[in-house]
Structure formats: structure tokens, C-alpha cells
Amino acid sequence: MKDIKNLIKKYNSFALFCHISPDADALGSMNALRLVLKKLNKKVYAYCDGEVAKNLQFLDIVLEENEKHIQQVDACIMLDCNNSDRVGKYKDFYDNAKVKAVIDHHQESNYVFDYKLIDVTSPSTADILYELIKTLNITINSQIAVNLYAGLSSDTGGFIHANTTSLSHKHAYELLNYNFDLAEVNYQMFKYKGSEYLYFYKTALRNTKSYLNDQVYVTFFNVRSYEKFKDICENPIAFSFLEGIDGNEIRVKILEKQKDEFYISFRSNKYANVCNVARALGGGGHIKASGCVMSHILFKDMLSQILQECEKELKPQ
Ligand SMILES: [Mn+2]
């Protein structure tokens, strides 16, 4: 933490970056730091390769488009990622920065930074940043607080994922003292859906079939339905409405992104190791979330291979 404090003390102008397909932790952390640096009378510009989703407009983030500032600032800070591959179209700018810094909670890459604050045990970048901000001599206002709250609550799925700690709750408890509309923020982050979701859910339910005594659900989007709901299909939480149904252990999502090319992802509920399933089919991932690609195969052959591998990971009933 000292490292980044020195960086902030030493330099006067900064460019901030977060990862592509930005979530609330990426945008919220970046915007909170932008506001803090402004309070410290620093020049600061925030860059992001990607749209701010409609439901994150409440963060009131100000993004800079003009790239010329990047070459002029003293230092560049990357947030919620730790490799320049993750900042999309700003990669070359970041690679050529005079001074490179990072604040993050993801598994470390080999990328070399001059200033570094990475804590892989932290549930969010916002949690790390909040601890840092508390040591700086500034008054936190409600806008800074709401950006930090958005980041830390988003990465814990609203304080329900296994990464949630007592510290997450402590930080939230403290930030709630800064008077922002909590119900509205939670609505935007955890409930809001575009109107097209009704049609997406109808299609998804129609295309979900249950196997192996309801222990495995398979949802299939063929080329046509994938094209129709592409954006929603790519949202990892769009299919979470199938999560937690009693008796179900594995959820399989198959997206036919091109004719005969199937992008398959696996999620397990409590115990099944779906990394083994994906590996057996040429992919990989984590114990509870994994994926693979299968192509030029008959659907029924693919399905029987998938179910065969899933069955190996299920407890005998
Ligand atoms: Mn994060």
C-alpha cells in the first residue's frame, strides 16, 4: 500500500484504465480513484475500452476519449486487471507509459509494474482501494462511497458468493454512512434487466432439458436463437435463473455460435467437479465453472458424450 501512496504523492497527473467488458468493480474502482485524485488536486483521465452498461449509469463515470493525454501524464494506473492485454484498445498506450502502476485482486500475471498493489485474497478491487483511500487525507463523499459500494457488492454477487468476508460487510457498513440510495443501487445492480429478457427466458426455458434424474440441465441455443439473443447469452449471469433448484447439480449451456460450432459451459451447484468434465472434452477451467468447444459433431453424439462425462462426477443416487 505504501508503494501506491508514494506514487500518488510523487506524481501530479494520471491516466486510469480498467478491463474490457467492464463490470461494476472495474468501473466503480476506477471512478472512485478518479474522484479521489481530483480531490488531491491531481490531473486525472479515465479510459475504458467498452460501453458503460445502462444499469451502471448511476456511477456517474466520466470517461476520457482523447488519447493524447495518455502520453502526457506522469503515470498510468490499471485497475481490476494486471496485464495490458486486458485494457483492449489502450494496450499500446499502457505498454509505453513512463510509469506503470496497478491496483487489483486477480491472480498475478508476469507483467512488470513500477508500482503495485495486488491482493489476490481480496474479494474486489474496490475493497483494496477503500483501505487505501482511508489512509489518504481526504473526505470521502457519497459519490466516492457509491462507486466503492458498487464494486465490492458486485464482485461478491451482492454478498452471497463464497468470496464474501466479514470485511466485505464491514466496508459496506462503513460506506453506507455516506448517504446514497441503497435500494436504488441494489435494484440497478441486481434486479434490472432489459425488456428483451422476457423473450430470452421464454426461449431459454423452452430449450432447457433435464437429464440423469434432473441432476443435469442442458440449455441449448442454436445458431438462430443465439444470434437473436447474442448479448444476453454472453452475459455469464443470464442463465443463473436455473441455479439452486433442488436436486440439480450440473448446468450445461450450449451456444451454437456458428453452424456446427458449439461453445459449451458447465456450472456445478455444490460438489461436482466440472473441470474434469470440460477437460475430458478438450477444454478446462475451474472446479465449479468450466468450458469447452466442440465442433463438427452431431448434436445427439455431443450430448451423449457430455452426459457420460457429467455422470462420472455425480454421486450415485
Ligand atoms: Mn474485480
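Atoms considered below: every heavy atom in the structure, side chains included; atoms not considered: hydrogens, waters and symmetry mates. Order of listing sets the numbers, starting from 1, for every ligand and every atom in it.
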field: Asp23 near the Mn ion (ligand 1): N/O/S under 2.8 Å
entry: no

- request: Answer yes or no for Asp104: is there an N/O/S atom below the 2.8 Å cut-off from the Mn ion (ligand 1)?
  value: no

task: Using the side chain to side chain contact (heavy atoms under 4.5 Å, CB included) rule, take Thr208 and Val218 through it: C-alpha gap first, then chi angles, then the decisive distance, then the call.
output: CA-CA 5 Å; Thr208 298; Val218 178; over 6 Å; no

query: Within less than 2.8 Å of the Mn ion (ligand 1), any N, O or S from His106?
result: no

message: I'd like to know whether the aromatic ring centres of Tyr197 and Tyr201 sit less than 6.0 Å apart in this structure.
response: yes

field: Name, closest N/O/S atom of Asp155 to the Mn ion (ligand 1)
entry: OD2

message: Salt bridge check, Glu234 against Lys230: does any charged N sit closer than 4.0 Å to a carboxylate O?
response: no

query: Think Lys100 forms a cation-pi with Phe113, using NZ or CZ under 6.0 Å from the six-ring centre and within 45 degrees of its axis?
result: no

query: Where the Mn ion (ligand 1) is the corner point, what angle links OD2 of Asp25 with OD1 of Asp80, to 10°?
result: 80°

- prompt: Strictly by modelled atom types, are Glu174 and Tyr130 linked by a side-chain donor-acceptor pair under 3.5 Å?
  reply: yes

